[in-house]
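Here the structure is laid out as structure tokens; the discussion comes afterwards.
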Amino acid sequence: MDPSLRHDNDTWDLATSVGATATLVAAARGAAGKAGDLTIDDPFAEPLVRAVGIDFFTRWAGGELDLADDGSRRVLQWFVDLMAVRTRYFDDFVCNAMGAGIRQAVILASGLDARSYRLSWPPGSTVFEVDQPQVIEFKTATLAGLNAEPAADLRVVPIDLRQDWPTALRRAGFDPGRPTAWIAEGLLPFLSPDAQDRLLDSITALSATGSQLATEIFVPLTRDMLQPVLQRWGSHGFDIVPSDLVYDGDRHDVARYLDNRGWQSVTTPMSQLLAAHGLAPRADQSPFADNWYYTSIRSDGST
Ligand SMILES: C[S@@+](CC[C@H](N)C(=O)[O-])C[C@H]1O[C@@H](n2cnc3c(N)ncnc32)[C@H](O)[C@@H]1O
């Protein structure tokens with residue numbers, strides 16, 4: 001992490017700092033759709049990215065980038081593959097949780113995630129989206145401008161996840177007595193190791209027996225890996241390097257931490273997800289294979 005870029009009370013919109021990483025991943029989802037990737041279907045990704053207005057990402061999401069074969073194409077295609085299969089993992093998680101009868105979901109760090117609008121939520125489902133206020137306000141206003149309707153009872157909770165978000169969540173109508181499906185996709189490295197523990201403790205305290213939690217442990221793309229695209233981003237006014245924004249330092253293994261607190265976790269490596277979609281990682285793609293996905297089920301709830 002570059003310490004000059006992060007501090008405990010930092011804020012952002014979708015074009016700056018950590019917020020811009022939400023635009024980056026949404027652009028990849030848009031590009032997956034434009035390339036005819038059937039792994040996911042996110043029709044909201046492109047218009048949301050377009051509304052943010054970072055030229056490079058707008059054209060990438062719209063399938064309009066002219067990618068000379070100079071290394072950019074390879075890096076961007078890796079990233080599109082990665083985002084498509086990880087999105088699918090979390091989509092499947094939601095479907096399985098709803099199939100198990102859960103009707104309350106919390107999407108932590110929702111960014112430009114449009115699951116509340118694009119998934120088939122069973123009747124009676126309530127979805128809470130938690131992210132920083134400027135992020136929530138932008139997505140809500142943009143989707144309203146597109147006449148998009150949530151497919152569930154959507155409650156937005158605009159708050160920083162390092163603050164007292166459990167109180168804000170309860171005020172928005174969250175019921176800790178009901179099992180919950182929690183999503184933390186693309187979030188944890190942006191929290192310090194301590195803040196990660198606090199987040200997992202809060203989730204545990206709010207989770208009735210039968211709750212489910214899906215988390216992602218990702219290896220941020222380093223400057224070296226991004227080198228072929230950094231100059232292109234920069235020439236379009238986007239000079240953010242995701243690896244400069246994540247917290248270094250030892251942190252608890254999420255599955256072990258949760259399993260010591262009444263959860264039971266199943267681990268899936270990214271390499272397995274890629275292979276399941278016919279995208280076995282090439283040797284030079286190996287850093288992506290180090291991402292891990294956990295689905296944890298609360299077997300010993302406090303409520
Ligand atoms: C890589 S984006 C992922 C967005 C979304 N989950 C997705 O996969 O499309 C990271 C997101 O984490 C959110 N985030 C990071 N730290 C946060 C914090 N302390 N409080 C609230 N949101 C946070 C950012 O605002 C951003 O939307």
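In each ligand, atom 1 is the first atom listed, and ligand 1 is the first ligand listed.
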Exercise for the section: Verify side-chain contact (heavy atoms from CB on, under 4.5 Å) between L169 and V130, making sure each step is shown before the conclusion. Expected result: CA-CA 8 Å; L169 187 66; V130 189; 4.3 Å; yes
Practice task
Could you check atom 19 (N) of ligand 1 against the protein and tell me its nearest heavy-atom contact, residue, atom and distance included?
Solution key: D160 OD1, 2.9 Å
Region of [X] engaging ligand 1 - heavy atom pairs below 4.0 Å:
X: A195; result: neither
X: V25; result: side chain
X: M83; result: neither
X: L187; result: side chain

Atoms of ligand 1 less than 4.0 Å from [X] heavy atoms?
X: T21; answer: 1 (C), 2 (S), 10 (C)
X: S110; answer: 5 (C)
X: L191; answer: 19 (N)

Option whose closest heavy atom lies nearest to [atom], chosen from [options]:
atom: atom 3 (C) of ligand 1; options: E216, R115, E185; value: E185
atom: atom 14 (N) of ligand 1; options: F190, F218, F90, W12; value: W12
atom: atom 5 (C) of ligand 1; options: A109, P242, A22; value: A109

Exercise for the section: Please say whether more than 12 non-hydrogen atoms of neighbouring residues, nucleotides or ligands are located less than 6.0 Å from CD in E64. Expected result: yes
Handout entry: Sub-3.5 Å N/O-N/O distance, V135 and ligand 1
Key = no
Problem - Within-cut-off N or O pair, R86 and ligand 1, under 3.5 Å - result: yes
Practice task
May I ask you to check whether Y294 and W182 place their ring centers less than 6.0 Å from one another?
Solution key: no
Completion exercise
From the list W292, Y293, F218, side chain to side chain contact (heavy atoms under 4.5 Å, CB included) partner of M270 resolves to Y293
Handout entry: From I240 atom CD1 to I54 atom CD1, the distance as rounded to the nearest 0.5 Å
Key = 6.5 Å
